[in-house]
Amino acid sequence: MLQVKNIREDKKRIVNGLRKRNWTAQQTKVVDQILQTDDERRAAQKKLDDLLAENKRFSAQIGQLMGQGKQSEAEALKARVAALKEQAKQAEEQFDSAKKALDDLLYSVPNCPHKSVPKGAGADDNKVHRAWDKPFPALPPDALPHWDLIKKYNLIDFDLGVKLTGAGFPVYRGQGAKLQRALIQFFLDENTKAGYEEILPPLLVNEDSARGTGQLPDKEAQMYTCERDNLYLIPTAEVPVTNILRDAIIPEKDLPVRMTAYTPCFRREAGAWGAHVRGLNRLHQFDKVEIVRVEHPENSYPALLQMLRHVQRLLTKLELPYRILLLCGGDTGFASAKTFDFEVWSGAQQRWLEVSSVSNFETFQSNRMQLRYRDADNRIQLAHTLNGSALALPRIVAALLENNQTAEGIRIPKALHKYTGFKTIG
RNA sequence: GGAGAGGUGGCAGAGUGGUCGAUUGUGCUUGACUCGAAAUCAAGUGUACCUCCGGGUACCGUGGGUUCGAAUCCCACCCUCUCCGCCA
């Protein structure tokens, strides 16, 4: 969540930021409401603190008097304290309600987009950051979409998934399963080479963790829950991996922290179903390798670009046509200040598929989870957090299958040969 | 699942109603000694919020309660460890 301090210091910047998310002038009034509520909270806290301080002084006096055996004087003081206590109770109620009102408001406001983020309402307003300027792979006119290729070569069985679990839970088999494993290992190896520590985290997280990265309180509908145990199935590795550093104070010399993790991801995705979500385009369970960084604020935007270059290298090695979009304000995720999406060209579907989203959250997550570093002057500051997919598997597989189909089978890119153990599917 | 023990500062570990935000040890930082290091000595060393920048308040697993006063007493919950059972 945003820091009240920042809103207070630079309200204009925050309001302008929200306008870039296509907020109306009316909606941005919440910013004033926050400042006003914060004033109320501070006043209430001052009042409460003063009353408590007074109470404490009396209590100490009573203790002294009792020690000296002056019972009657002590009793007299007790009577005076009783009135104070009533006031303190009221002050506490005022403080609690102001605090809660403030938190509710803060939770409802998304991150302020970076100054380089364009204004816009949705996907149509995104800017192409890097276009694909080479030709697309030449496919025969009867090229098959991946859902047909999957059947043809018996790589993934959706019907079996329905039998075992339900729609959106595919069963990978044979070369399909091996391709999955190969990609995971390829990504992890590449990420490790780039300096990211490999993490294998739990797939279930508790409430604190879900709140830390911003899945709670709002987006509970997105997650599968284990209510009996009050746990959540992770929608992305970002959740357990970033929360590793929840409530931590990192010495500045240990920055940046770079981590990578493969996990299955579980998403309920109550939303549109139809042609665009056929096959591997949208699933309830899918595999993803994630990269997470914790950075010094001064270094977070250079780090974001580094992550971009890293993901580009992965796609280049996989020989996939891709483009990079800079998301506009309206399309940028709630917690993010700046997001780039990677899309690969899906030759048979003749459309771009999102395979990675790389974001800088600045202090939005770290403020929520108290992820801090100690600077050279020994001051404690919020760190910046970033993450990105490197990469999400299903759509990578879709593009690989579609773009590389030949009469003799599906060609596997060279970089994967040592992982798959085969050069073609078929 | 059953039985027991326990959750206190980076770590270890005291503290069973008042001057305890907390003894002590250790670690860490700085200084002294030293050619340098070790050892030794001295000082410092939690977090958050508020502030008239003097200071104030809260936090001893979490939430309630008793009391003028709670780390300490009471209630509920959560978690960890040990043993048994089950199990990859």
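Below, each value reflects all heavy atoms present in this structure, side chains not excepted, and no hydrogens, waters or symmetry copies. First the proteins, then the strands, lettered A, B, ... as listed; each starts at 1.
- Of the N and O atoms on the side chains of A:E362 and A:Y301, at least one donor lies less than 3.5 Å from an acceptor on the other residue.
- Remark: A:R41 is not in phosphate contact with B:rC49, judged by side-chain N or O atoms under 4.0 Å from OP1 or OP2.
- Remark: B:rA58 base-pairs with B:rU47. Criterion, Watson-Crick or G-U wobble with two distances under 3.5 Å.
- Between B:rC50, B:rC68, B:rA58, one nucleotide has an atom nearer to the side chain of A:R42 than all others, and that is B:rC50.
- One interatomic measurement links the two molecules: CD of A:Q71 to P of B:rC68, which rounds to 13 Å at whole-angstrom precision.
- The base-pairing partner of B:rA39, taking Watson-Crick or G-U wobble contacts with both distances under 3.5 Å, does not exist among the strands shown.
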task = Using the ring-ring contact (aromatic ring centres under 6.0 Å, His included) rule, take A:F340 and A:H129 through it: C-alpha gap first, then chi angles, then the decisive distance, then the call.
result = CA-CA 8 Å; A:F340 291 101; A:H129 174 74; 4.8 Å; yes
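- Note on A:R80: nothing from the nucleic acid sits closer than 4.0 angstrom, heavy atoms only.
- One atom, NZ of A:K47, and another, C1' of B:rC49, lie 18 Å apart when rounded to the nearest Å.
- Taking the P atom of each, B:rA48 and B:rA43 are spaced 27 Å apart, rounded to whole Å.
- Each of A:I156, A:I150, A:L160 was evaluated against A:P170; a single residue qualifies, A:I156, per the side-chain contact (heavy atoms from CB on, under 4.5 Å) test.
- Rounded to a whole angstrom, the distance from the C1' atom of B:rG27 to that of B:rU34 is 23 Å.
- Close to B:rA48, at under 4.0 Å from its OP1 or OP2, lies a side-chain N or O of A:R372.
- Taking every side-chain heavy atom of A:D49 into account, B:rG56 is the closest of B:rG56, B:rC52, B:rA48.
- Of the candidates B:rC50, B:rC68, B:rU57, B:rU57 carries the atom nearest the A:A53 side chain, counting heavy atoms from C-beta on.
- Judged by closest nucleotide on RNA chain B, A:A60 is the one of A:A60 and A:D38 placed further toward the 5' end.
- In B:rG54 the base sits syn relative to the sugar, since the glycosidic angle is no further than 90° from 0.
- On the C1' atoms, B:rG4 is 15 Å away from B:rG85, given to the nearest whole Å.
- Taking atom CG of residue A:D50 and atom P of nucleotide B:rG56, one finds them 11 Å apart after rounding to whole Å.
- Within the nucleic acid shown, A:L52 comes within 4.0 Å of sugar-phosphate atoms alone, with no base atom in reach, counting heavy atoms only.
- For the P atoms, the distance from B:rG13 to B:rG61 is 15 Å, rounded to whole Å.
- Across all strands, A:I380 comes closer than 4.0 Å only to sugar-phosphate atoms, never to a base (heavy-atom distances).
- A:E198 and A:N191 are not linked by any side-chain donor-acceptor pair at a separation below 3.5 angstrom, with hydrogens and angles left out of the test.
- Taking atom P on both nucleotides, B:rA3 is separated from B:rA76 by 15 Å, rounded to a whole Å.
- The CD atom of A:E92 sits 10 Å away from the P atom of B:rC59 (whole-angstrom rounding).
- Remark: P of B:rC78 and CG of A:D208 are 15 Å apart, rounded to the nearest angstrom.
- Distance NZ (A:K56) to C1' (B:rA58): 9 Å, rounded to an integer number of Å.
- Nucleic acid contact class of A:R57 (heavy atoms, under 4.0 Å, all strands): none.
- Residue A:K253 contributes atom NZ, which lies 9 Å from atom P of B:rU29 at whole-angstrom precision.
- Residue-level contact check: A:I249 touches the backbone only, with heavy atoms under 4.0 Å from sugar-phosphate atoms and none from bases.
- Checking B:rC87 for Watson-Crick or G-U wobble geometry (two distances, each under 3.5 Å) identifies no partner in any strand.
- With distances taken from any side-chain atom of A:I62 to the nucleotides B:rC68, B:rC50, B:rA58, the minimum falls on B:rC68.
- Atom C1' of nucleotide B:rG46 and atom CG of A:D247 are separated by 13 Å, given to the nearest angstrom.
- Base pairing analysis places B:rC81 opposite B:rG4; the two distances defining the Watson-Crick or G-U wobble pair are each below 3.5 Å.
- Listed candidates were B:rU57, B:rA48, B:rG46. Nearest to the side chain of A:R374 is B:rG46.
- Distance check on atom P: B:rG25 versus B:rU40 gives 12 Å, rounded to whole Å.
- Comparing B:rC52 with B:rG56, their C1' atoms sit 12 Å apart, to the nearest whole Å.
- Note: A:F342 and A:Y322 have tilted aromatic rings, judged against thresholds of 30 and 60 degrees for the angle between ring planes.
- Comparing the C1' positions of B:rU8 and B:rU23 gives a spacing of 13 Å, expressed to the nearest Å.
- Using a 4.5 Å heavy-atom cutoff, the side chains of A:V294 and A:H384 are not in contact.
- In this structure, A:Q370 and A:K46 both approach RNA chain B, and ranking their closest nucleotides by distance from the 5' end singles out A:Q370.
- Applying the 4.0 Å criterion to OP1 and OP2 of B:rU67, one finds that A:K85 has every side-chain N and O outside that range.
- A:T339 is not listed as a side-chain neighbour of A:V358, based on a closest heavy-atom distance of 4.5 Å or more.
- B:rU26 and B:rG10 make up a base pair, with Watson-Crick or G-U wobble contacts both under 3.5 Å.
- If you check the side chains of A:Q215 and A:Q222, you find no donor sitting under 3.5 Å from an acceptor.
- The nucleotide B:rC73 finds its pairing partner in B:rG65, both defining distances of the Watson-Crick or G-U wobble pair being shorter than 3.5 Å.
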